[in-house]
Amino acid sequence: MSNVVEFLAKLGTYGEQISEDELLELASSFHLSNEDLRIALGNCQDELAQLVQARTNVFAILVPAEDDDESESEEEPEIKVA
C-alpha cells in the first residue's frame, strides 16, 4: 500500500516532465506491477482505494469550539426583533 502512495508522491515531484522509460523505472523501484501502475495512473477511484486499502466511506464534520470564557458572550449586543 505505502509503495503506491510513495510512488505517487515521488511522481508528483517530476511534474509532466517524465518519459515513459523513466516512469517504468520509477514504478519498478517501488516494486509496482504493471497492474498496480495502471491503477495508480488511471481514473478509477474505486480501484485505487482498493489498491491502497483505503476506506471509501470517510466522513468529517466541523463543529465550532465551545466558548470557555462566558464573559465575552455577555458583551455581545443582543439583537431584538421588533
Side-chain angles (χ1 to χ4, degrees):
M1 171 188 82
S2 64
N3 290 356
V4 176
V5 174
E6 291 173 9
F7 164 77
L8 291 173
K10 182 69 174 178
L11 182 61
T13 64
Y14 285 90
E16 294 182 18
Q17 303 174 358
I18 188 169
S19 69
E20 185 176 343
D21 291 335
E22 290 173 320
L23 179 65
L24 293 174
E25 184 178 324
L26 182 64
S28 175
S29 71
F30 283 94
H31 309 289
L32 299 182
S33 69
N34 288 340
E35 181 66 12
D36 293 345
L37 181 61
R38 181 193 68 77
I39 292 171
L41 299 178
N43 292 326
C44 185
Q45 182 178 355
D46 293 333
E47 285 183 332
L48 183 58
Q50 185 177 8
L51 179 63
V52 297
Q53 299 171 351
R55 293 183 176 180
T56 56
N57 60 346
V58 177
F59 298 93
I61 184 170
L62 296 175
V63 179
E66 292 182 19
D67 192 8
D68 293 334
D69 189 7
E70 293 182 18
S71 63
E72 288 181 22
S73 64
E74 293 174 3
E75 295 174 10
E76 293 178 10
E78 188 175 314
I79 300 174
K80 295 182 180 181
V81 179

* Would you please test F30 and L37 for side-chain contact (heavy atoms from CB on, under 4.5 Å) and show each step? => CA-CA 10 Å; F30 283 94; L37 181 61; over 6 Å; no
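- Residues passing the side chain to side chain contact (heavy atoms under 4.5 Å, CB included) test with E35 are S33, R38, I39, sequence neighbours excluded.
- Members clustered with I61: V63, by chain and number, using a 4.5 Å side-chain heavy-atom cutoff among hydrophobic residues.
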* Asked: Can L32 and L26 be said to form a side-chain contact (heavy atoms from CB on, under 4.5 Å), step by step?
  -> CA-CA 9 Å; L32 299 182; L26 182 64; over 6 Å; no
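- With sequence neighbours excluded, the residues satisfying side-chain hydrogen bond (donor to acceptor under 3.5 Å, both in side chains) with E22 are S19.
- Atom CG of L23 and atom OG of S28 lie 11.0 Å apart (nearest 0.5 Å).
- With rounding to the nearest 0.5 angstrom, the CD atom of E25 is 9.0 Å from the CD1 atom of I18.
- When all heavy atoms are compared, the tightest approach of L8 to A40 is CD2-O, 3.9 Å.
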* Should L11 and L41 be marked as a side-chain contact (heavy atoms from CB on, under 4.5 Å) after you check the CA-CA gap, both sets of side-chain angles, and the distance that decides it? -> CA-CA 10 Å; L11 182 61; L41 299 178; 3.6 Å; yes
